[in-house]
2 protein chains.
Amino acid sequence: MTGMAAPQTEARLLVVEDDPNILELLSASLRFAGFDVSTATSGSAAVNAAKDRRPDLVVLDVMLPDLDGFEVIRLMRESGTRTPVVFLTARDATDDKIRGLTLGGDDYVTKPFSLEELTARIRAVLRRTTAGEQSPSRLTFADLELDEETHEVYRAGERIQLSPTEFKLLRYLMLNANRVLSKAQILDHVWNYDFRGDDNIVESYISYLRRKVDTTQPRLIHTLRGVGYVLRKPAT
Amino acid sequence: MTGMAAPQTEARLLVVEDDPNILELLSASLRFAGFDVSTATSGSAAVNAAKDRRPDLVVLDVMLPDLDGFEVIRLMRESGTRTPVVFLTARDATDDKIRGLTLGGDDYVTKPFSLEELTARIRAVLRRTTAGEQSPSRLTFADLELDEETHEVYRAGERIQLSPTEFKLLRYLMLNANRVLSKAQILDHVWNYDFRGDDNIVESYISYLRRKVDTTQPRLIHTLRGVGYVLRKPAT
DNA sequence: GGAGTCGCTGAGAAGAACCTGAGAGTAGCC
DNA sequence: GGCTACTCTCAGGTTCTTCTCAGCGACTCC
């Protein structure tokens, strides 16, 4: 668990969200992904926390009880901090202000999101905005390659087309290579947090993935009956 | 996004604008485009900032609470600096002074503008006014050529007529060749900041562009379903 | 070796994403 | 004032994607 493959370990995040359930979900999983997480549940608390803690990135719900997310950012930037932001917005948010969010290297994720989605965006924004490029956008495992920016996947140099969900699942497996992942765990990370189906969807997508990326020897995606799945080289 | 293709990296800009929203919009995106940006929210502050910081170019709203933009320029030039300017004006500004701006190497952009438009003008003015020719006015990608000054576009040497929006979109794609651009990102950069339509307009214009510039092999404009669009050579 | 459980996969329905033709409205031009 | 070119919206069609269900095979445990 400690050596989470994610290379952004140690980046300081400030998560701002008023719904306690979502806040708990976010802070627990981001912490687990290796980030140094602090939290705030209101806009004004967020502005203060940003001053004190100087986070490397802010995850910010645009709908807050006191100030809205855009006000928070303005106040934070007036006080000199130039911190990148990943916004959380409602799906239908046709709100005027949502336009323009991608301008300063920032990004946004619409609720309900998946944790995989959110952490991928966080990694991408950190990659773009921090001078020293820390985490490469390309993941590799054995002869598998996955480019997070272009969404391209190769097996043994051969280009493979994946659907968005297949892509997210493979990325999650690769980020956690050699670690056994239960179906519940995969469901929690790769699917939106409001997904109400059952485990079988994971089996289905594992099946799709195998057909597309795991037809050649050696097989990389292994089933551990009653336990879960793992991406690893055989002979282990 | 890190290596923003724009070659004007490092030029020092002073942005003068009293509307905090627009100022934030401008400074965030110009900074992200690689400029070294400082800001002022009033005419007098601008004059001082120009003395201190000696910017290579000033982006200046003509409507300011204290002095108007032309006064600001006069004061700045009395103190000896001959800094080029890109003015921001209201759409209906038929003001005599605005015309004739292009004579001195300066230029203007009418509000509401698109960021593509503004950064293109900034690049053009810097190109004209700085001795060392830095950024060429002609962009090329594969057998595509686009001349920023004459607004001419060629595919395989063949002249192609584009509408203004088609031209801006293609320029944005070319400046970001091989980088995946989401529809939101394209909307934010290519369309005016007050545009209130939805993503479909991007699909429409991509369709127009394809019909005009991408009918021959190899295809250069690619759709990444669920992700965005990218300009690139196949076989990658 | 039989019953029950677990996992795999094909089929298909529902929905989402994307493309494009048609047309209304508008701005610019002669 | 009329013409043209352009922008933007809408809706229908197409393709791709997601998710469910059910049947079958494989494994486990008694």
Side-chain angles (χ1 to χ4, degrees), chain A residues 91-92 94 99 110 112-114 116-117 151 153 160-170 172 180-187 190-215 219 221-230, chain B residues 90-94 110-114 116-117 151 153 160-170 172 180-187 190-215 219 221-230:
Chain A
R91 159 113 22 236
D92 61 353
T94 45
R99 284 284 324 285
T110 54
F113 49 83
S114 69
E116 248 306 283
E117 185 68 31
H151 274 228
V153 172
I160 290 167
Q161 298 280 357
L162 297 184
S163 79
T165 304
E166 289 161 1
F167 181 86
K168 276 190 283 188
L169 174 56
L170 180 59
Y172 184 58
V180 178
L181 302 166
S182 71
K183 276 181 270 198
Q185 220 169 348
I186 293 173
L187 213 45
V190 177
W191 269 262
N192 292 347
Y193 57 70
D194 67 344
F195 179 76
R196 287 283 160 269
D198 72 1
D199 277 1
N200 175 251
I201 189 91
V202 177
E203 296 170 12
S204 287
Y205 271 88
I206 288 283
S207 172
Y208 298 154
L209 260 194
R210 281 184 168 140
R211 200 173 316 168
K212 287 190 179 179
V213 308
D214 210 18
T215 53
R219 295 290 140 82
I221 301 174
H222 305 275
T223 303
L224 300 186
R225 193 158 234 271
V227 185
Y229 298 96
V230 61
Chain B
R91 159 95 41 224
D92 58 356
T94 46
T110 56
K111 289 183 182 181
F113 49 83
S114 70
E116 247 307 282
E117 186 66 32
H151 273 228
V153 173
I160 289 167
Q161 296 283 355
L162 296 184
S163 79
T165 305
E166 289 161 1
F167 181 84
K168 276 190 284 188
L169 175 56
L170 181 58
Y172 185 58
V180 178
L181 303 167
S182 70
K183 276 182 272 201
Q185 224 169 345
I186 294 173
L187 213 46
V190 177
W191 269 262
N192 292 346
Y193 56 72
D194 66 344
F195 178 76
R196 286 287 159 264
D198 71 1
D199 277 1
N200 175 253
I201 189 91
V202 177
E203 296 170 16
S204 288
Y205 270 87
I206 288 281
S207 174
Y208 298 153
L209 260 193
R210 281 184 169 141
R211 202 172 316 170
K212 288 191 179 179
V213 308
D214 211 17
T215 53
R219 294 289 140 79
I221 301 174
H222 305 273
T223 304
L224 300 187
R225 200 160 232 269
V227 185
Y229 297 96
V230 61

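Letters go in sequence order (proteins before strands), and every chain restarts at 1.
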Separation between CD1 of A:Ile221 and CG of A:Leu169, rounded to the nearest 0.5 Å:
7.5 Å

For atom CG of B:Asp199 and atom P of C:dC18, their distance in whole Å
9 Å

Looking at every strand, decide which applies to B:Thr223 at a 4.0 Å heavy-atom threshold: base, sugar-phosphate, or nothing.
sugar-phosphate

Nucleotide D:dT15, atom P - distance to CD of A:Gln161 in whole Å
16 Å

After noting the C-alpha distance and the side-chain angles of A:Ser114 and A:Val190, does the key distance pass the side-chain contact (heavy atoms from CB on, under 4.5 Å) rule?
CA-CA 6 Å; A:Ser114 69; A:Val190 177; 5.8 Å; no

Can you work out whether B:Leu162 or B:Ser204 has the more 5'-proximal nearest nucleotide on DNA chain D?
B:Leu162

Report the nucleotide, chosen from C:dT9, D:dA26, D:dT9, that has the shortest atom-to-atom distance to any side-chain atom of B:Phe195.
D:dT9

Can a side chain N or O of B:Ser163 be found less than 4.0 Å away from OP1 or OP2 on D:dA5?
no

Proximity to the side chain of B:Ser207 - top-ranked nucleotide from C:dT20, C:dC8, D:dT20
C:dT20

Can the ring centroids of A:Trp191 and A:Phe113 be said to lie less than 6.0 angstrom from one another?
no

Under 4.0 Å: is that the gap between some side-chain N or O of B:Trp191 and OP1 or OP2 of D:dC8?
yes

Please report the closest heavy-atom contact between B:His222 and B:Arg219, naming both atoms and the distance.
NE2-O, 3.1 Å

Mind calculating the distance between CD1 (A:Ile201) and C1' (D:dA22) to the nearest angstrom?
15 Å

Can you list the residues that meet the side-chain hydrogen bond (donor to acceptor under 3.5 Å, both in side chains) rule with A:Arg210, with sequence neighbours excluded?
A:Thr223

Out of C:dC18, C:dG10, C:dG7, which has the shortest distance to the side chain of B:Lys183?
C:dC18

Please determine, for the side chain of A:Tyr208, which listed nucleotide (C:dT5, D:dT20, D:dC8) has the closest atom?
D:dT20

d(CG, A:Asn192; P, D:dT18) in whole Å
11 Å

Atom NZ of A:Lys212 and atom P of D:dT17 are separated, to the nearest Å, by 6 Å

Does any N or O donor sit under 3.5 Å from an N or O acceptor when you compare the side chain of A:Arg225 with the base of C:dC6?
yes

Specify the residue among B:Asn200 and B:Glu166 whose closest nucleotide of DNA chain D lies further upstream toward the 5′ end.
B:Glu166

Here the distance between atom P of C:dC8 and atom OH of A:Tyr205, to the nearest Å, is 16 Å

How many whole angstroms separate atom NZ of A:Lys168 from atom C1' of D:dT18?
11 Å

Using the closest heavy atom to pick a nucleotide of DNA chain C for each, name whichever of A:Arg211 or A:Gly228 lands nearer the 5' end.
A:Gly228

Pick base, sugar-phosphate or nothing for A:Phe167, based on heavy-atom distances below 4.0 Å to the nucleic acid.
nothing

Can you tell me the distance, in whole Å, between the NE2 atom of B:His222 and the P atom of C:dC19?
13 Å

